[in-house]
Structure formats: structure tokens, C-alpha cells
Amino acid sequence: MILETIKQPADLRRLSYTELDELAGEIRDFIVQVVSENAGHLGSNLGAVELTLALHRVFDSPRDAILWDTGHQAYVHKLVTGRQQQFTTLRQAGGLSGYPCRAESDHDFVENSHASTILSYAYGLAVARDAAILAGEPDVASRRAGHRIVAVIGDGSMTGGMAYEALNNLGHSGRNVIIVLNDNGRSYAPTVSNLSKSLTQVRLNPVYMRRQKRLEQIVRTVPLVGSRAHKGMEAMKAAVREMWEPATFFEPLGVRYMGPVDGHRVEDLEKALRNAAEFDGPIVLHVLTDKGRGYPPAEDDDEKHLHDAPVFDPAVGPPRWVPVGYTQAFAEAMIKEAESNPKVVAITAAMPGPTGLLPFQERWPDRFFDVGIAEQHAVTAATGMAMGGLRPVVAIYSTFMNRAWDQVMYDCALHEQPIVFCLDRAGITGDDGPSTHGVMDIALFSKVPGMTVFAPSSAQELQVMLHDALELDGPSVVRYPRGAARQVPDDQVGSGLHARLVRRGAESEVCLLAVGKLVAAAEAAATELEASGVDCTVWDVRVVKPLDPAMIADAARHPLVVTVEDGVREGGAGSLIVDTLATHCAGPDIPRVEVLGTPIRFLPHGKPDRILADLGLDGPGIASTIRAILAS
Ligand SMILES: Cc1ncc(C[n+]2csc(CCOP(=O)(O)OP(=O)(O)O)c2C)c(N)n1
């Protein structure tokens, strides 16, 4: 196995191109094997094998900074930077992160998962590098800020606003940064972008590719006499490029465009990267890759080229992905609501499959809008649609919604527009770590004037809430967790803006007010406490904002109120309940309130239930907190 001999990037440099091809095959097999056991990002990594090898042969990481946008495609980078041994622990609690991670390696500069940021990091690092060079601090320049700065960004991530902001800034500054546009034509689904369309035309145009190749051969073989001949050849190359190129998108911004290059030929990639590195100023190298390359189940997956995959049998690949749990409940509810209300439209930021909108898209392509990885734009665009009389439902993962809070606040809410935000993957999401947990949504959305905040505790609740949300005059949010959803009979489903009484303790000392997924944990805690003689009343809060006055009045009658949520405890539902109880109760009659939620710190990756248990947010944890309070 060649792979076993690669302990650091320098080991790649002694391999022949034939050996590199062999190594690429071994890497693909290994990634498929590990992802099939641990789940994770597959198609994106299979497509970036040769590109990563070439980058690490041409550049001297970590002296040169190789930066990955989003970071989901950095598995190969991990394998060639000394993490092969631990790779089988990928995404396991205590094991390797599914994203770059500074604690793991000096080769990792940026820890992320949110898209379209890397060109901004690159600009910032270039500013720091240039400042260090000016100040005569070569060590700082080479180590901390990176000597040569290479930013790899996918065509999907190029649809995010920050990428354009940074390109504009980079071009204007003229700083030396090499941008590698890893173009596979897809986000999860095909990339939504006219830029991408013209890139695709380039990709699909064999005439262009042939001419480009022929021209390069001429350039290599014809001896150039003086700079005029050289300039002439450059002009000719540019002219050929202009004929087919993505309408000189980059160059007016001040960023030189180069390519396209076949992203699966290490030799071609190396040459192009070396040329790009010689260029003075920002330059984009356009690299064409195939998402899922080399693994037929990924290549043949029309929906997402196995962008990500659950645990599966590598011999056959995963079964076709279908939404489950809350996502499935949302998918069904959307169809139902859209059938009865033709004004309902659906918006996604490049995640039609994962948010459960594919059936909606299939049925009503004209009422479905994929706006690219552009959450901020999605919210303001939805505001425009609502202003024009439509009823937009914006489906975005909770963590990605954070970046559009300003738009929720000052575009949607200030204009009192009736948009329903459906936030999947709320709470602890698990295997992909700190930036993927959806723990901020309650705290953020509950501060928005006029916002109604729903948190379903079952699939049936989600469906009722979506319906009720669409009846409101103002904005609302429905936030629900990843994975399995409780299925409950009709008599355990609430309605409107009411909380739901789940159980009443006979002589209840304790009132548990639980939010969303944690209603089940609160019930388990109440059952456990009852067995030891402590009676609890349990409410499903359902609507975090506005809080149901009947629930607050009932809670106020208990000496101890415990609130439970899977979001940050500071500023979340519990905080709101504390404030509301303080206003409701007079003087010394205020009950003691214990707020349970997630702490203000970055939470690691691991299984959601395990993380919740570690935070004391499962049945036994809640029961033991209550026992400790009662004993104090
Ligand atoms: C702000 C934000 N929104 C949504 C996502 C979810 N997401 C992860 S990867 C991805 C597609 C990225 O496409 P591209 O950059 O082309 O990379 P590829 O996987 O195709 O190589 C999306 C939408 C994200 N990471 N960040």
C-alpha cells in the first residue's frame, strides 16, 4: 500500500504519476470504507483526491496555507497530513473531526462547516502576511500568516454572498492569493448559478478543451523570441479563452482567471498550480472535477452524488436517501398546506433534499425556489415574495440560519411579513461538531419583535404548527431536531398558540416546562421521580414566544419550576419563562426556577443523545438535578 508510506505531504513528492494514480485509488477505497462505517461526506471527497495530492505536492503546507471552504472535502488532506492512523475514528466521539481542526494538525488553518467564507480568510491572511513581510518578520510571515495562500472553494460555495464580497476585495487589493475553484457543477443538487451555468458550458465544450490543450502544446514547443512573441501568445490564449469563458466574470473584479484544468490529472493540475503561484496578484484556477468520482453508487446518484452518506454497505452503496422523522413530517405537511393554499411557496438555500423539499419541488416546480447557498438572500427574497402576496416557507438548517438573523430582523420582521421559517437540525445535531449544532435559534428568534416561535415535540405537532404558522399575520419559526420524531395520537397534539399539559402530579412540588425534543426527556424524568415519591407536573411549552399565560399561571403555583430546552440556556426559552414568571408573580411568591439548556461554549462532535446526556439533558440527568435541588 502506497498510502501507508505517506506520513506527511513531502512523501507525496517522491512518487511518480503512475504511483500517484495508484495512491488516488487507494485513498478512494479507504474513504469509502471509513465513511461506510462512520457516515460522513463522501462525494465531495472522492472528487477532490487528485486535486488534494497536487496541492500538497506543489505547495509546502503548513508553511504555505491550504485553506478549504466549508471544510467537508478535507478528508484527503487529513490522510496526507499524518492522520491516516486515526482516520477510522472519523466523526466518532473523541475521534477525528469531519472538518479541518486546528487541534488535530498544523496543516489545518480554518475550522468551519459554514460555506463561502474561505476567500475572506484568505484575504485576511494575505493582509497579515504582507504586513509581516513589510515589518521584516519572515518567521511570522511564513508560519502564522502562511507564505503562499491557497483557497479551495466549490462552485456551490461560490453562490454565497461572502464569496463575492471577498473576491471584490481581493481583486481591488491586488494581493497574492491563489483561488482554486473546484467545479463539479453541484452543491447537493446542481448548483444554482448563471456563473455555474457558463462554467458548465466550458466544461461540456469539447472544442474548447481541445483548443486549449493544443494551444498549450504550441506554447510549450514553440521557442519564444523575446517578450513580444510571448505577449502575442498570451493574447492569443486570452482570445481563445474569451470565446468560451464564463463571460470574463472574474477579471473585471481584478482577479485573473486561468483554466479550466482537468481536476483528475495530477500532472496537469501541478503545472497549472505552479503557473498560478507565479502570478502576481489574485488568481483563480478553474478546476473541473466529478463529484463522487471512482465510486459508481456516488457517480450514479442523481440527487446529490452521495455528497454525504449514512452508514452503508460499500459493496452496494447506501439505499436512496429518503427523509425521516421531522424532515419527513415537514415534507408531508408542506404538500398538504400547498394543496389547500396556492399562495404557499417553498425556498431553500441549496438544500432541497436534506430539508425535505424534493416532493414539493417535483409537484410544484414553479412554486419552489433554490436560491443557492445564500441564506441572507433567501430571507430577504422571501420578504419580497410575502410583500407581493405569497406565503413563503423558508426551510433552512438551524445553524445556517444564524447568518441571516439581520435579514430576519430588519427585512422580514420590521416589515411584519408573514414568512414561516422552518429550521431543521435544531438543537444538538451530533457528528459534525461545534458549528453544526443548532443551539442559537430560540435565543435569537425570540428577540425578534412580532416573531412567533414554535417547537414541536412530535411529528404530528410539527404538522399542526406549520398549519397554524401559515395562518398568522406576522413572521414565525418552527424549529425541530434531526432524526427520529415521536409519533403521537391526536389527543396528545396541541393547537394554536397554547401550551399542552402533558401530566399533572397529584401533589406536585415540581413543574417541568419542556421544549420540543426535550419533552420526552422531561416525561422520563417525571416518571423516574414519581417512583421515588416526587410528583411532577409536565408541560409541553409548544410555543416559546408568546408564552401561554395559562401555563405560566399554573407554573407559578409550584414551589419549583424547571425549564428544559436543547438550546443555549442563557437568553433561551428558560430565560423568557423566568422573566415572564417574575412579571406574573407578586413579591415573595415567585417560585424558584431552574433553567436547563446547553452552555455557552462550543460543543464537540458525538452522538446527539450522548452529548445531551453529558449535559444532563436526558431523563436521568434532569431527574438528578431536581433531586439535588430538592435535597438542598
Ligand atoms: C452557510 C451554509 N449553508 C448551507 C450549507 C450546507 N452545505 C454543505 S456543503 C454544501 C454544498 C457545497 O457545494 P460545493 O461548494 O460546490 O462543494 P462540493 O461538495 O460540491 O465539492 C452545502 C449547501 C453550508 N455548509 N453552509
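Computed from a prediction, not measured in an experiment: that's the story for all the values here. As the structure lists them, so they are numbered: ligands from 1, and atoms in each ligand from 1.
By the 4.0 Å heavy-atom criterion, H307 is counted among the residues contacting ligand 1. Residue contact check for ligand 1: R403 places a non-hydrogen atom closer than 4.0 Å to it. By the 4.0 Å heavy-atom criterion, S113 is counted among the residues contacting ligand 1.
In summary, the side chains of D308 and Y188 do present a donor paired with an acceptor at a separation below 3.5 Å, with no hydrogens or angles considered. For the residue pair H286 / Y257, a side-chain donor-acceptor distance below 3.5 Å is found, with atom types taken as modelled.
Of all atoms in ligand 1, listed by their number and element, those nearer than 4.0 Å to a heavy atom of S44 are 18 (P), 19 (O), 21 (O). In summary, the atoms of ligand 1 found under 4.0 Å from a heavy atom of I373, numbered by their order in the structure, are 1 (C), 2 (C), 3 (N), 4 (C), 11 (C), 12 (C), 22 (C), 23 (C). Listed by atom number, the atoms of ligand 1 under 4.0 Å from H114 heavy atoms are 26 (N).
When ring centroids are compared, F87 and Y75 come within the 6.0 Å threshold. Two rings, from F400 and H114, have their centers less than 6.0 Å apart.
At a heavy-atom distance under 4.0 Å, only side-chain atoms of M351, from C-beta outward, approach ligand 1. Residue contacts with ligand 1 for S116 are absent, since no atom lies close enough (heavy atoms, distance under 4.0 Å). At a heavy-atom distance under 4.0 Å, only side-chain atoms of H72, from C-beta outward, approach ligand 1. With a heavy-atom cut-off of 4.0 Å, E375 touches ligand 1 through its side chain alone.
Within the 3.5 Å criterion, the main-chain N or O of N38 finds a donor-acceptor partner in the side chain of R91.
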Step by step, would you call I396 with F421 a side-chain contact (heavy atoms from CB on, under 4.5 Å)? CA-CA 7 Å; I396 286 179; F421 297 100; over 6 Å; no

Tell me, with the steps shown, if D290 and E299 meet side-chain contact (heavy atoms from CB on, under 4.5 Å). CA-CA 8 Å; D290 302 326; E299 288 172 341; 5.8 Å; no

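A122 meets the side-chain contact (heavy atoms from CB on, under 4.5 Å) test with L67, I149, A151, V177; sequence neighbours excluded.
The option from D155, T70, N184 that lies nearest to atom 21 (O) of ligand 1, judged by heavy atoms, is N184. Taking each of S187, G47, G292 in turn, the one with a heavy atom nearest to atom 11 (C) of ligand 1 proves to be S187. Comparing A115, G71, G154 by heavy-atom distance to atom 26 (N) of ligand 1, the nearest is A115.
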